[in-house]
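So the structure is just underneath, and the comments pick up after that.
All values reported here derive from a predicted model rather than from experimental measurement. Residue numbering restarts at 1 for every chain, and letters A, B, ... go by the order of the sequence lines.
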Number of protein chains: 2
Amino acid sequence: MLSRVSSPVGSREARAEARVETRRRQILDAATRIMIRTGYHEMSMQAVAEDAGMSVGLIYQYFGGKQEVLRAVIVDILDAFRAEVPAAMSAAGDDPQAQLAAGFAAFCAVIDEKRAGALLAYRESQTLDAAGQAEIIRLEQETIDPFRAAVEAGIASGVFRPVPADLVAHNLKLAAHGWALKHWDVGARLDLAAYVQAELDLHLAAIRA
Amino acid sequence: MLSRVSSPVGSREARAEARVETRRRQILDAATRIMIRTGYHEMSMQAVAEDAGMSVGLIYQYFGGKQEVLRAVIVDILDAFRAEVPAAMSAAGDDPQAQLAAGFAAFCAVIDEKRAGALLAYRESQTLDAAGQAEIIRLEQETIDPFRAAVEAGIASGVFRPVPADLVAHNLKLAAHGWALKHWDVGARLDLAAYVQAELDLHLAAIRA
DNA sequence: ATTCAATGAATAGGCGTTCAATCAGTCCGC
DNA sequence: GCGGACTGATTGAACGCCTATTCATTGAAT
């Protein structure tokens with residue numbers, strides 16, 4: 001194409017792009033709602049169309065097919081983690097312990113907010129093809145890498161004893177996921193704040209020098 | 001019915017029962033193999049029949065339907081955990097630390113052996129109806145209750161500081177599951193023994209008085 | 001007049017489940 | 001022993017249902 005060079009703001013192209021974004025979001029939101037209720041395999045494209053207030057055919061204008069919708073839904077959820085956890089940690093100052101506490105609390109908060117979506121990402125991610133799975137792994141590692149970095153900084157400064165930093169990051173991630181995965185169990189006894197507090201106490205005690 | 005009172009060993013009834021068990025196992029093994037490869041929804045009953053070396057119709061003689069096959073496969077896997085973990089712990093003597101170490105090692109060993117099956121149980125258990133899910137929750141709690149008991153014993157005897165015992169049990173379970181869930185990540189850096197060792201070090205350090 | 005978003009009926013394929021038919025032992029009267 | 005019911009295991013083609021995807025057509029904006 002390469003038609004117009006430097007299209008003006010508010011141009012036809014810009015409006016079109018905005019409409020595309022709106023449509024994709026409508027579809028993603030509808031698909032997320034339905035999948036949370038029924039899971040991927042029980043979600044019919046007709047149901048997504050109805051929930052999104054459009055026709056089936058239109059979905060295929062914005063996504064390649066059912067599996068691409070799934071991939072987009074999962075990436076959408078994981079993106080929230082990737083955006084918020086590192087942000088919370090760098091806002092927490094220089095103390096590794098404070099960073100870990102802030103990052104873990106943020107992680108759990110996002111998980112709590114989107115509990116159903118987080119579970120969805122968990123259980124449906126193996127439905128994706130290899131490329132989709134690789135993308136998910138990348139997003140997840142980007143999310144927890146700040147944990148690893150904070151632990152290493154703490155070891156270097158002597159606040160923490162020498163422990164495998166990546167394993168600690170892995171454990172913190174598991175504990176955050178655990179709030180969603182085993183909510184039927186843990187959630188019956190603790191609220192979110194208490195869970196975060198108790199888990200932090202344990203995980204920090206495990207590594208303190 | 002109530003035909004024969006006290007049927008002799010090797011009677012018609014006994015042989016029939018043995019055959020039923022053989023058949024159910026053939027079906028379960030075939031279904032497990034296929035689901036590990038493709039997942040529940042992509043598993044067709046025709047494929048199970050072929051893999052098990054029998055006809056489709058026969059499966060319906062031994063199981064009520066596809067979902068009942070799934071339930072049996074999952075229960076079969078969780079049963080291995082429930083059998084081995086408590087056994088390892090009570091064989092480990094009276095010291096709570098030794099008990100936790102033995103139980104955790106056994107848990108991880110079974111997970112490692114049946115990694116694909118454990119993941120399967122994880123992924124597909126939400127496909128079950130309410131009764132099936134309740135059974136799974138029951139099996140899981142039975143498996144990890146010895147962890148809780150050991151932690152409480154340790155607190156009572158002063159080896160451990162006062163921590164929420166059920167949360168520690170929950171964390172140990174997560175760490176064991178983590179070996180399967182995040183094997184693509186952790187397994188690249190550690191072997192099973194090293195993982196068990198490192199996790200135990202962290203989890204025990206977290207609770208030691 | 002042209003472009004492109006939007007529709008939704010029709011297509012095509014897959015699969016869980018059923019069931020009438022077949023097969024293989026077991027029992028019993030002779 | 002022996003043949004002929006009888007019982008229960010086994011088969012697999014056929015049925016019925018469901019849904020992802022397509023595409024000829026319509027509608028609206030430029």
Less than 3.5 Å apart, which donor and acceptor atoms pair up between the side chains of residues 68-77 of chain A and the rest of the protein, not counting sequence neighbours?
residue	atom	partner	partner atom	Å
E68(A)	OE1	G64(A)	N	3.0
R71(A)	NH1	E135(A)	OE1	2.9
D76(A)	OD1	R25(A)	NH2	3.0

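- Using a 4.0 Å cut-off, some side-chain N or O of R23(A) falls inside it from OP1 or OP2 of dA6(C).
- Checked against side chain to side chain contact (heavy atoms under 4.5 Å, CB included), S55(A) has the following partners two or more places apart in sequence or in another chain: L58(A).
- Sorted by first and then second residue, the pairs that involve residues 96-132 of chain B and meet ring pair (Phe, Tyr, Trp, His ring centres under 6.0 Å), not counting sequence neighbours, are F81(B)-F107(B), F107(B)-H177(B), Y122(B)-H177(B).
- Checked against salt bridge (charged side-chain N to carboxylate O under 4.0 Å, His left out), D185(A) has the following partners two or more places apart in sequence or in another chain: R189(A), K173(B).
- Under 4.0 angstrom from either OP1 or OP2 of dA6(C) there lies at least one side-chain N or O belonging to Y62(A).
- Within residues 36-50 of chain B, no residue has any heavy atom under 4.0 Å from DNA chain D.
- A search for side chain to side chain contact (heavy atoms under 4.5 Å, CB included) contacts involving A101(A) returns L200(A), not counting sequence neighbours.
- F63(B) comes within 4.0 angstrom of no nucleic acid atom, judged by non-hydrogen atoms across all strands.
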Pairs under 3.5 angstrom only: tabulate donor-acceptor contacts from the side chains of residues 109-119 of chain B to other protein residues two or more places apart or in another chain.
residue	atom	partner	partner atom	Å
D112(B)	OD1	R115(B)	NH1	3.1
D112(B)	OD1	W179(B)	NE1	2.8
R115(B)	NH1	H183(B)	NE2	3.3

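- Between L70(A) atom CG and dA20(D) atom P there is a gap of 12 Å when expressed in whole angstrom units.
- Axis orientation changes by 10° from one end of the helix from dA1(C)-dT30(D) to dC30(C)-dG1(D) to the other, with each end axis drawn from 5 pairs and the value rounded to 10°.
- The main-chain N or O of F147(B) is never found under 3.5 Å from a side-chain atom of Q99(B) such that the two would form a donor-acceptor pair.
- Across every non-hydrogen atom of I155(B) and V163(B), the tightest pair is CD1-O, 3.4 Å.
- In this view, D201(B) and R161(A) satisfy the side chain to side chain contact (heavy atoms under 4.5 Å, CB included) rule, not counting sequence neighbours.
- R33(B) is linked by a salt bridge (charged side-chain N to carboxylate O under 4.0 Å, His left out) to D51(B), counting only residues two or more places apart in sequence or in another chain.
- Contacts classified as ring pair (Phe, Tyr, Trp, His ring centres under 6.0 Å) and involving residues 23-52 of chain A (residues at least two apart or in different chains) are given here: H41(A)-H41(B).
- The distance from atom CD of Q61(A) to atom P of dG27(D) is 18 Å, rounded to the nearest whole Å.
- Of the residues in residues 51-59 of chain B, those with a non-hydrogen atom less than 4.0 angstrom from any atom of DNA chain D are M54(B), S55(B), G57(B), L58(B).
- Atom-to-atom, OH of Y60(B) to P of dG16(C) comes out at 6 Å; the value is rounded to the nearest Å.
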